[in-house]
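These notes concern the structure reproduced below.
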There are 2 protein chains.
Amino acid sequence: MNNSRFPVSLHILTLLNDAKGTLVSSEYLAGSININPALVRKEIMNLRKHGFVNSKEGKGGGSFLAKNAADINLGEVYKAVKNSDILGRNKNEPNPKCPIGKQINQHLNTLYSDVESTLIMNLSKQTLADFALKFK
Amino acid sequence: MNNSRFPVSLHILTLLNDAKGTLVSSEYLAGSININPALVRKEIMNLRKHGFVNSKEGKGGGSFLAKNAADINLGEVYKAVKNSDILGRNKNEPNPKCPIGKQINQHLNTLYSDVESTLIMNLSKQTLADFALKFK
DNA sequence: TGTACTGTAATAAAAATAATTACAGAATGA
DNA sequence: TCATTCTGTAATTATTTTTATTACAGTACA
C-alpha cells in the first residue's frame, strides 16, 4: 500500500461517525484530512458502493454513515479500498524458462492469500466504533 | 506496498538457496526475475546489509546465502525491505484544528504497529527453507 | 593483462498517485 | 423561479514513486 486510501477512508468514516448522522460536506472532510475535495468525493463513492455511507445531493447535502459504527469493522474497510498485493508484486513476468521463476508467482499467491486473510481477521476485530472511542 | 522489493528479495533468496552455495551472478538473477541487473545488485546490497547473503567481487563472482535457509524467516525478510506503512499513509498533515484530524495519526500509528507486528509474527512462521520446499 | 564480475551513482523513463479544474445535475430556500 | 450550494463525475495536469538504463571504477581470476 503506497497510497493513502485506507487512512483517508478511515478518516472519513471517523468524521462521519463523529457527526452523529448530520450531513458532512466533502469540503469539510477534505479540510480535516487535508486533501482535495474531489478525491474525497471519489473515495466516498467507493465507501457508498460498499454500503458504509450514504450521501445527499444538492444544497445542504453531504454524507453520513449508512450503518451503525459498531457494524463496520476495519477488515471490511481494508477490503473496500485494497487494490494491490499486500506485500507487493513484480510487474514483469518472471522467466518461464527458469525452474524457480516459472513457479514463484504461484507460491507467492498462496503466501499472500494466507498472510492477507490473517491480516483481515486481525483488522476485523476492531470496529469503527472501537476506533472512534479512542478519540478524546 | 506498491513496490516489488519483497517478492524480488524472496525470489533472489530462493534462487540462491537453489544454487546450494555456488555463486550466482546478478545477471542470472535478473534474468530469472526479469528485472534490471543493477536493481538486483541494489537489492542484494540490502540483503547483505541484513546478513542474509554474501557476495564475491570480480570475475566468476556472484552471491550466495550467508546463512542456512532454515535460519532465514520471511518476517525478517519483510522487515529488511519494508519502507512504508503497511496500510498506507496520507502524506499531508491532517488539519490540527480539527479534533479528529489532530489525533488520527496517533491512533493510526497504534493500529498499524499492532497490525504489522501480527503480520510479521505470521510471516515469521515460515522460513526460506519452508518456502523453497514448495518448488518442485 | 584482458575479461567478467560487483559496487555504486547518476540519469531517464514509466507508472502510480494526488491535485486541479470544470461542469452538469440535484436540492434548497428566498 | 432562480440563485446558491452541494454532489457526481470526468478530464487534465502535476507530483511522487518506482523501475530501467547507462556508465564506470574497482576487484578477482586465469
Side-chain angles (χ1 to χ4, degrees), chain A residues 1-9 11-12 15-16 19 22-31 33-50 52-64 66 81-95, chain B residues 1-9 11-12 15-16 19 22-31 33-50 52-64 66 81-85 87-94:
Chain A
M1 277 285 198
N2 221 1
N3 65 30
S4 58
R5 295 189 58 201
F6 180 82
V8 163
S9 284
H11 196 147
I12 292 171
L15 287 167
L16 295 186
T22 62
L23 296 178
V24 186
S25 74
S26 62
E27 194 84 31
Y28 180 86
L29 296 169
I33 304 172
N34 191 16
I35 60 170
N36 197 282
L39 257 191
V40 169
R41 295 204 283 270
K42 208 177 198 172
E43 207 52 52
I44 281 179
M45 261 188 348
N46 182 56
L47 293 170
R48 195 166 45 234
K49 199 178 77 188
H50 284 86
F52 299 129
V53 315
N54 264 142
S55 308
K56 195 176 164 218
E57 293 186 16
K59 186 173 178 180
S63 298
F64 56 99
V81 301
K82 102 146 207 156
N83 62 352
S84 65
D85 288 292
I86 183 73
L87 296 177
R89 191 69 78 157
N90 176 12
K91 276 86 190 175
N92 310 336
E93 276 301 305
N95 190 342
Chain B
M1 278 285 200
N2 221 0
N3 65 31
S4 58
R5 294 191 59 200
F6 180 81
V8 163
S9 284
H11 196 147
I12 291 171
L15 287 166
L16 295 185
T22 63
L23 297 177
V24 186
S25 75
S26 62
E27 193 84 31
Y28 180 86
L29 297 169
I33 305 171
N34 191 15
I35 61 171
N36 197 282
L39 257 191
V40 169
R41 295 204 282 271
K42 208 177 195 171
E43 207 52 54
I44 281 179
M45 260 187 350
N46 182 58
L47 292 171
R48 195 166 44 234
K49 198 177 78 188
H50 285 85
F52 299 130
V53 315
N54 265 141
S55 308
K56 195 176 163 215
E57 293 187 15
K59 187 173 177 182
S63 299
F64 57 99
V81 301
K82 102 144 207 158
N83 61 353
S84 66
D85 289 292
L87 296 178
R89 191 68 78 157
N90 176 12
K91 275 85 189 175
N92 310 337
E93 276 302 303

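Below, chain A is the first sequence line, B the second, and so on; all start at residue 1. What you are looking at is a predicted structure, and each value in this text was computed from that prediction instead of being measured.
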**OP:** Round to a whole Å and report the spacing from CG of A/Leu39 to P of C/dT17.
**Re:** 12 Å
Original post:
Does C/dA18 have OP1 or OP2 sitting under 4.0 Å from an N or O in the side chain of A/Ser4?
Top reply: yes
Original post:
Once you round it to whole Å, what is the distance between P of C/dA22 and NZ of A/Lys42?
Top reply: 17 Å
Subject >> Considering all heavy atoms, the nearest A/Arg89-B/Ser4 contact >> reply: O-CB, 3.5 Å
Original post:
Picking from D/dG8, D/dC6, C/dT6, which would you name as closest to the side chain of A/Ser55?
Top reply: D/dG8
**OP:** Report the distance from atom CZ of B/Arg5 to atom C1' of D/dT17, rounded to the nearest whole Å.
**Re:** 13 Å
Subject >> Sugar-phosphate, base or nothing in reach of B/Gly58, heavy atoms under 4.0 Å >> reply: base
Original post:
When the distance from NZ of A/Lys59 to P of C/dG25 is rounded to whole Å, what number comes out?
Top reply: 20 Å
**OP:** Just compare D/dT18, C/dA19, C/dT6 and give me whichever is closest to any side-chain atom of B/Ser26.
**Re:** C/dT6
Original post:
Quick one: which of B/Leu16, B/Ile12, B/Val24 gives a side-chain contact (heavy atoms from CB on, under 4.5 Å) with B/Ser63?
Top reply: B/Leu16
Subject >> N or O in side chain of B/Lys91 less than 4.0 angstrom from D/dT17 OP1/OP2 >> reply: no
Subject >> B/Ala38, nearest nucleotide to its side chain (from D/dT22, C/dT17, C/dA18) >> reply: D/dT22
Original post:
Out of D/dG8, C/dT6, C/dT17, which nucleotide sits closest to the side chain of A/Arg41?
Top reply: D/dG8
**OP:** In whole angstrom, give the distance that lies between atom CD1 of A/Ile35 and atom P of D/dT16.
**Re:** 16 Å
**OP:** Answer whether the closest heavy-atom distance between the side chains of B/Leu23 and B/Phe64 falls below 4.5 Å.
**Re:** yes
Original post:
So does A/Arg48 get a side-chain nitrogen or oxygen closer than 4.0 Å to the phosphate oxygens (OP1/OP2) of D/dG8?
Top reply: yes
**OP:** Would you kindly give the CD-to-C1' distance between B/Glu57 and D/dC24, to the nearest whole Å?
**Re:** 14 Å
Original post:
Sub-3.5 Å donor-acceptor pair from the side chain of B/Asn90 to the main-chain atoms of B/Asn92, do we have one?
Top reply: yes
Subject >> Spacing between B/Asn90 atom CG and C/dA18 atom P, to the nearest angstrom >> reply: 8 Å
Original post:
The side chain of A/Asn92 lies closest to which of these nucleotides: C/dA9, D/dA20, C/dT20?
Top reply: D/dA20
Original post:
Is A/Ser63 touching bases, backbone alone, or none of the nucleic acid, heavy atoms closer than 4.0 Å?
Top reply: nothing
Original post:
Contact class for B/Asn36 vs. all strands (heavy atom < 4.0 Å): base, sugar-phosphate, or nothing?
Top reply: base
